[in-house]
Chemist: 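Below is one structure. I have some questions about it.
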Amino acid sequence: MKELPKIYEPQKHEDEIYQNWEKSGFFNPDNLKGEPYSIMMPPPNVTGVLHLGHAMENSLMDIMARYQRMQGRKVLLLPGTDHAAVATQAKVEKLLMEKEGYRNPRQELGREKLLEKIKDFAENSKSTILNQIKKMGTSCDWSRLAYTFDETRSKAVNKVFEKMYTDGLIYRGYRVVNWSIKGQSTVSDDELVYIERPGKLYTFKYSKDFPFAIATTRPETKFGDTAVAVHPRDKRYQKYIGKIFEIKNFGEEKGTELKIKIIADEAVDPQFGTGAVGVTPAHSFTDFEMYEKQKAANNPIEIIPVIGPDGKMNEKAKSFQGISVQEAREKLIQWLKEKKLLEKEEDLLQNVATSDRFGDVVEILPMTQWFVAVNKEIPGRGKTLKQLMREAIAGGLNGNPAQKITVTPARFEKIYFNWIDNLRDWCISRQIWWGHRIPVYYCERGISNIQSSISPKEEKCSKPIVSSKIINKCPHCGGKIIQDPDTLDTWFSSGLWTFSTLANTPEQIKLENGKFIIDNKDFANFYPTDWMQMGSELLFFWMARMILMSAYVLDEIPFRDVYIHGILRNEKGQKFSKSLGNNIDPLDISHQYGTDALRLSLVSGIAPGQDSHFYEDKVKNAGNFVNKLWNISRYIIQKTKEQKEIEKIKKENLNSSDRWIAKKMNTLIGEVSTNIEKFNFSLASEKIQTFIRNDFADWYLEASKFEENKNEKSFLLKTILEDGLKLLHPFIPFVTEYIWKLLGKEKLLLIEKWPDKSIYKSLSKINDADDFELIKEIIIAIRNIRQENKIEPGKKINAIIYGGNFTKFIQENETLIKKLRTGVENLKLSKEGKEIKKAAKKIIAGKIQIYVPLEEIIDIEKQKKNTRAEIENLQKYISNLKIRLKNKDFLKKAPTEIVQKEKENLIRAQEKLKKLEKYSV
RNA sequence: GGGUGAUUAGCUCAGUUGGUUAGAGCACUUCUCUUACAAAGAAGGGGUCAGUGGUUCGAGUCCACUAUCACCCACCA
């Protein structure tokens with residue numbers, strides 16, 4: 001025990017401490033008592049390893065979980081991973097192509113074998129990730145570990161699909177979607193990355209006979225034009241509205257035949273281009289919307305796709321068939337030029353949508369896909385999914401404030417609403433293999449009949465069957481049945497995460513009479529979850545979908561509070577990314593400085609929703625603090641005697657420093673608690689660190705070395721250290737737990753109760769007259785005098801203190817004043833009034849004057865200068881105060897306690913000024 | 001085009017519903033190996049809170065405009 005090393009070495013203890021926590025069983029809420037509190041950890045994608053951002057998220061969640069556990073709540077922090085459909089398949093395919101020489105893994109391996117490869121990769125990546133989460137000290141319940149692709153979660157996916165399908169909210173429809181040619185799959189709107197690149201705006205006429213020109217950046221799609229839209233009030237074109245123009249040979253001799261209807265649409269900007277827009281319903285979202293509008297208005301236009309899923313022109317483009325869009329564009333422009341139909345060619349910058357996962361330019365194509373209808377009324381609920389998503393944040397589901405999600409910081413609510421307003425039906429089918437297969441089956445007979453006429457006998461077979469169980473033959477005709485080959489968008493399963501994770505077995509998930517049920521205690525206990533944190537980039541991807549799913553499936557919000565954190569950036573303000581090559585492995589940092597230092601540095605200087613900077617100096621600093629704490633503890637463990645019980649503490653034995661530190665501690669406990677509860681993690685950690693460093697170590701502990709009441713001191717030193725460890729535990733769990741053990745505690749700090757303010761409150765009764773702050777100021781003043789006057793370090797000095805009312809109090813603290821690095825040999829106390837010619841002086845608190853008579857050393861000029869500056873400063877302050885206090889409006893309107901405070905300030909400042917002037921050299 | 005955020009010490013950032021003379025860490029200056037800690041301690045220096053106007057008894061904090069930077073959404077026919 002006596003041989004504790006000077007330097008704390010985190011690497012030596014962390015793994016063992018984590019194992020002890022795990023073994024204790026207290027990560028599992030079943031072994032805890034109290035009110036339930038739950039956080040579902042956002043499942044990291046099984047695409048690779050954890051980065052710093054994950055490390056920060058783990059820290060935030062673990063701080064919250066540990067804090068709540070110490071508050072005496074039954075805490076569930078549930079870990080898991082996400083199969084990340086497209087992202088994982090794209091990654092593995094890329095690896096197979098780059099590392100193993102495959103050219104087209106899907107073709108060469110086939111569905112089963114490729115899936116096996118992806119699965120191997122995912123499992124491997126999963127175990128790495130889980131180890132990293134452990135290394136971060138995350139106090140999550142491993143017995144409830146979940147995976148979006150495991151049996152239980154898959155069942156939830158299928159059941160929810162079934163429910164939505166039955167409610168008519170999931171439908172199969174022919175609509176335009178984002179299509180990745182490279183990935184041969186649909187891509188979600190949110191997974192698009194826009195890149196800016198130079199393009200050209202062409203103004204041309206379809207034919208010589210066509211009455212006006214239109215503008216486009218994508219001429220090759222014009223083979224699919226079926227209308228031209230103009231603004232309804234545009235005088236130039238009003239006369240054409242409703243007319244149909246037939247263009248015989250577009251693109252070449254014996255070319256494509258176009259039938260162009262002139263339609264009116266408010267969306268057209270008369271100022272842009274020629275004010276007339278070629279409408280290509282098959283290859284543009286806005287044009288498709290016009291197509292739907294026209295259909296609804298009973299004035300339909302056609303939809304003609306001219307680009308195929310292979311990214312090449314199709315047969316509608318006649319001899320252009322089979323060539324790429326780029327080539328087609330050039331060829332068509334050439335033709336337009338020859339025919340003198342091209343009127344203008346302008347350079348412009350355009351945004352091109354690319355697929356985030358596959359990296360190629362995305363084509364917009366019409367296809368038959370599965371969609372979630374967000375604007376359709378939910379049967380029996382009288383509102384749409386969109387409305388549910390809005391309600392959950394606006395005022396609470398069904399107007400119930402208990403079902404309202406609070407977003408921190410609140411400004412993200414606006415962004416969320418804005419997104420919801422622009423939301424289109426959600427395309428949920430993907431043509432990749434890694435993911436939840438769509439639980440829909442078709443009878444082979446039915447499929448072949450879909451296009452042709454259906455005889456009444458076969459009608460049943462033509463209807464798709466939705467089933468969460470695997471079906472082998474058609475229940476109607478007994479014939480061969482096939483499952484829909486597509487898989488679900490990964491966000492479909494992530495959307496269920498907050499509740500699908502609460503089922504422990506597939507059997508607990510049921511769909512009874514259209515009602516989705518998780519039949520177990522966990523669900524009853526822990527839902528809705530209490531807290532969720534995520535980066536702002538997940539607001540739409542994930543948060544919105546969790547709200548949609550939870551509100552629809554369970555009629556409950558998924559979580560009560562959501563905290564949006566910013567992005568971590570490096571010293572230069574750059575994002576950490578693979579492409580920049582500036583990634584930092586959190587494990588490297590943890591290895592070098594310890595996990596505690598890493599965690600502390602990750603939450604220091606962060607503010608909700610605000611990007612934060614991370615650099616090694618920050619970790620170094622945090623590591624220094626950990627080491628400081630270690631040394632404080634080391635001293636207290638080695639130097640203090642046995643500890644008294646609170647009952648045996650004699651209040652009359654307490655010194656002013658004791659009462660002072662108790663008062664500070666009382667405030668601190670409150671501050672740390674409220675800051676954590678308000679998600680101000682950085683502030684909370686800053687407060688406790690400042691207290692430990694400055695108040696506790698530099699003053700209280702130093703003072704304790706020279707004070708007499710050893711029993712009370714020991715009690716306070718140990719108690720404050722212990723409670724300080726508790727306050728720090730959520731932030732730096734390892735070192736605090738380690739010291740806790742060295743203090744001889746048998747119970748783990750992990751489940752200790754959060755410190756109680758009341759002990760400190762009862763010990764801190766202070767009358768103003770003996771505030772330790774005054775002693776501190778006297779000591780600082782004397783040290784300052786020494787430093788300013790360059791008094792030799794070892795030289796003893798004399799000091800005279802004037803200050804009538806305080807004489808007795810100062811006398812009591814004489815030893816402290818002498819010993820605490822002031823080098824005072826003789827301390828004279830005197831009633832005020834006597835003047836000393838040559839002395840260094842300080843006046844503090846407007847009441848106490850300190851003289852150090854050092855005739856031969858003192859730099860009189862410097863003294864004078866300092867005093868003058870101080871006087872000037874004070875005069876300015878006083879005159880400001882006077883003006884304020886003369887102001888009738890101030891006196892009338894400001895709260896009385898503010899006025900009172902200002903009056904006291906004035907008196908104090910005036911006293912100080914008087915003394916400064918009186919005793920100035 | 002619409003929106004959001006940022007602008008506070010040399011650097012990185014705090015600053016909670018407006019209320020003492022605006023804070024921290026790093027860096028800087030000076031001093032100290034004092035028996036918990038030199039990965040430390042002591043004492044300092046450094047700021048017209050981006051600019052302009054307004055509201056208020058009182059503005060870093062609220063409002064408007066401007067500037068610069070960053071980000072998000074939509075559109076680019």
Side-chain angles (χ1 to χ4, degrees), chain A residues 4 6-8 194 199 201 214-218 221 228-229 267-269 272-280 284 286-287 348-351 409 411-412 414-415 418-419 422 536-537 539-540 566-567 571 573 593 604-607 609-615 617-618 620-639 674-675 678 680 682-683 686 689-690 697-698 701-702 705 779-780 783-788 790-794 819-822 873-874 876-877 880-881 884 887-895 897-899 901-902 904-905 908-909:
Chain A
L4 296 174
K6 278 187 176 184
I7 292 170
Y8 172 69
Y194 288 92
L201 182 68
I214 58 157
T216 182
T217 52
R218 297 207 53 191
T221 64
V228 163
V268 178
D269 175 6
F272 191 91
T274 59
V277 190
V279 180
T280 327
S284 152
T286 38
D287 293 2
L348 52 69
L349 276 180
Q350 62 181 151
N351 277 336
R411 64 188 155 88
F412 284 103
K414 265 193 225 165
I415 299 174
N418 185 275
W419 179 82
N422 294 314
S536 53
E537 75 278 5
L539 211 64
F540 312 135
I567 295 167
E571 218 164 353
Y593 299 96
S604 77
I606 66 166
Q610 218 53 53
D611 289 356
S612 61
H613 293 247
F614 180 89
Y615 38 90
D617 266 359
K618 239 174 159 174
K620 217 182 263 179
N621 192 255
N624 289 352
F625 175 75
V626 169
N627 200 53
K628 181 84 183 174
L629 179 71
W630 167 249
N631 275 296
I632 292 166
S633 312
R634 191 160 73 98
Y635 174 80
I636 293 176
I637 288 168
Q638 289 170 340
K639 289 290 160 71
T674 42
N675 276 314
K678 286 182 179 169
N680 288 323
S682 181
L683 264 179
E686 207 175 281
Q689 284 183 69
T690 309
D698 293 345
L701 194 142
E702 285 301 315
K705 294 175 183 170
I779 291 168
I780 291 170
R783 287 170 180 170
N784 180 289
I785 288 171
R786 291 192 76 110
Q787 184 93 15
E788 273 193 354
K790 305 229 183 294
I791 297 169
E792 276 173 55
K819 299 262 175 149
L820 280 180
R821 289 170 204 184
T822 50
N873 195 1
L874 257 181
K876 223 185 271 170
Y877 178 50
N880 281 340
L881 277 180
R884 196 174 305 167
N887 187 329
K888 275 176 199 162
D889 284 325
F890 174 69
L891 296 174
K892 208 164 63 186
K893 291 180 183 170
E897 69 262 24
I898 299 287
V899 177
K901 229 186 210 171
E902 296 287 50
E904 282 165 22
N905 286 337
R908 212 170 297 155

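In what follows, chains carry the letters A, B, and so on, assigned in the order in which the sequence lines appear, proteins first and then strands, with residues in each chain numbered from 1.
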Chemist: Rounding to an integer number of angstrom, what distance separates G47(B) and A22(B) when you compare their C1' atoms?
Modeler: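 These two C1' atoms come out 8 Å apart once rounded.
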Chemist: Do you know the tightest heavy-atom contact between R783(A) and T822(A)?
Modeler: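 What the structure gives for the nearest pair is CG-CG2, 4.3 Å.
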Chemist: For the side chain of L683(A), starting at C-beta, report the closest nucleotide among G15(B), C31(B), A36(B).
Modeler: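 In terms of side-chain proximity for L683(A), the closest of G15(B), C31(B), A36(B) is G15(B).
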Chemist: Indicate, with a heavy-atom threshold strictly under 4.0 Å, whether S682(A) touches base, sugar-phosphate, or nothing.
Modeler: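 Touches nothing.
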Chemist: Using a heavy-atom cut-off of 4.0 Å across all strands, would you classify A607(A) as base, sugar-phosphate, or nothing?
Modeler: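 Sugar-phosphate contact only - A607(A) comes under 4.0 Å of backbone atoms but never of a base.
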Chemist: Is the ring pair W419(A)/F540(A) parallel, tilted or perpendicular, if the boundaries are 30 and 60 degrees?
Modeler: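 The arrangement is parallel - the two ring planes meet at less than 30°.
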Chemist: Could you work out the separation of U4(B) and A64(B) based on their P atoms and round it to a whole Å?
Modeler: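 The same atom, P, in both gives a distance of 10 Å.
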Chemist: Identify which nucleotide among C26(B), A36(B), U16(B) has an atom closest to any side-chain atom of R634(A), counting heavy atoms from C-beta outward.
Modeler: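 That would be A36(B).
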Chemist: Can you tell me how far the CG atom of L891(A) sits from the CD1 atom of I898(A), to the nearest 0.5 Å?
Modeler: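 It comes to 13.0 Å.
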Chemist: Could you measure between the two P atoms, the one in G19(B) and the one in G58(B), and give it in whole Å?
Modeler: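 After rounding to an integer number of Å, I get 14 Å for this pair.
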Chemist: Of the nucleotides C37(B), U30(B), A39(B), which has the atom closest to the E702(A) side chain?
Modeler: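 Of the candidates, C37(B) comes closest.
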Chemist: My validator wants the stems of RNA chain B: runs of 3 or more consecutive Watson-Crick or G-U pairs, both distances under 3.5 Å, written as range with range.
Modeler: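 As far as RNA chain B goes, consecutive pairing (with distances under 3.5 Å) yields the stems B:1-7 with B:67-73, B:10-13 with B:23-26, B:28-32 with B:40-44, B:50-54 with B:62-66.
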Chemist: Work out how far the C1' atom of G60(B) is from that of G18(B), and round it to whole angstrom.
Modeler: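 Pairwise C1' distance, G60(B) against G18(B), rounds to 10 Å.
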Chemist: Could I get the full list of side-chain contact (heavy atoms from CB on, under 4.5 Å) partners for F412(A), not counting sequence neighbours?
Modeler: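 side-chain contact (heavy atoms from CB on, under 4.5 Å) list for F412(A), sorted by chain: V407(A), P409(A), I415(A), S536(A), L539(A), I564(A).
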Chemist: Report which part of the nucleic acid L701(A) touches: base, sugar-phosphate, or nothing (heavy-atom distance under 4.0 Å, all strands).
Modeler: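 L701(A): base contact, heavy atoms under 4.0 Å.
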Chemist: Under 4.0 Å between a side-chain N/O of K6(A) and OP1 or OP2 of C37(B), yes or no?
Modeler: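 For C37(B), OP1/OP2 do have a side-chain N/O of K6(A) under 4.0 Å.
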Chemist: I'd like the P distance from U8(B) over to C76(B), given in whole Å.
Modeler: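 Their P atoms lie roughly 38 Å apart.
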Chemist: Scan nucleotides 40-49 of chain B nucleotide by nucleotide, 5' to 3', and note B when protein non-hydrogen atoms come under 4.0 Å of the base, S if they reach only the sugar-phosphate, - if neither.
Modeler: SSSSS-----
Chemist: Please encode protein proximity along nucleotides 18-24 of chain B as a string of B, S and -, counting only heavy-atom distances under 4.0 Å.
Modeler: -BBB---
Chemist: Should K790(A) be listed as having a side-chain N or O under 4.0 Å from OP1 or OP2 of U30(B)?
Modeler: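 So the side-chain polar atoms of K790(A) never come under 4.0 Å of the phosphate oxygens OP1 or OP2 of U30(B).
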Chemist: Distance between the C1' atoms of A59(B) and U21(B), in whole angstroms?
Modeler: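 Per the computed distance, 16 Å lies between those C1' atoms.
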Chemist: Which heavy atom in I791(A) sits nearest to a heavy atom in I785(A), and how many Å separate them?
Modeler: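 That would be CD1-O, 4.3 Å.
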Chemist: I want to verify a distance call: between C76(B), A36(B), C72(B), whose nearest atom is closest to the N351(A) side chain?
Modeler: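 The nucleotide sitting nearest to the side chain is C76(B).
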Chemist: When rounded to the nearest Å, what value does the distance between C1' atoms of A6(B) and U61(B) take?
Modeler: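 So the two C1' atoms sit 15 Å from each other.
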Chemist: Output one letter per nucleotide in nucleotides 1-12 of chain B: B when a protein non-hydrogen atom lies under 4.0 Å from the base, S when only the sugar-phosphate is that close, - when neither is.
Modeler: ---SSS-----S
Chemist: Looking at C26(B), I'd like to know if its phosphate oxygens (OP1 or OP2) sit under 4.0 Å from a side-chain N or O belonging to N621(A).
Modeler: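 So the side chain of N621(A) is within the cut-off, an N or O lying under 4.0 Å from OP1 or OP2 of C26(B).
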Chemist: Base, sugar-phosphate, or nothing: which does V268(A) touch, judged by heavy atoms less than 4.0 Å apart?
Modeler: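 Here V268(A) touches the bases of the nucleic acid.
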Chemist: State which residues pass side chain to side chain donor-acceptor pair (under 3.5 Å) with K705(A); sequence neighbours excluded, sorted by chain then number.
Modeler: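 Result, side chain to side chain donor-acceptor pair (under 3.5 Å) vs K705(A): E702(A).
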Chemist: Taking only the P atom of each, what is the distance from U16(B) to U7(B) in whole angstrom?
Modeler: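 12 Å, rounded to whole Å.
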Chemist: Begin with the C-alpha distance, continue with both residues' side-chain angles, and end with the deciding distance and a verdict on side chain to side chain donor-acceptor pair (under 3.5 Å) for N905(A) and E902(A).
Modeler: CA-CA 5 Å; N905(A) 286 337; E902(A) 296 287 50; 3.2 Å; yes
Chemist: Should K705(A) be listed as having a side-chain N or O under 4.0 Å from OP1 or OP2 of A36(B)?
Modeler: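 Yes, within the criterion.
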Chemist: Would you please say whether a donor-acceptor pair under 3.5 Å links the side chains of R634(A) and N631(A)?
Modeler: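 Indeed, the side chains of R634(A) and N631(A) share at least one donor-acceptor pair under 3.5 Å.
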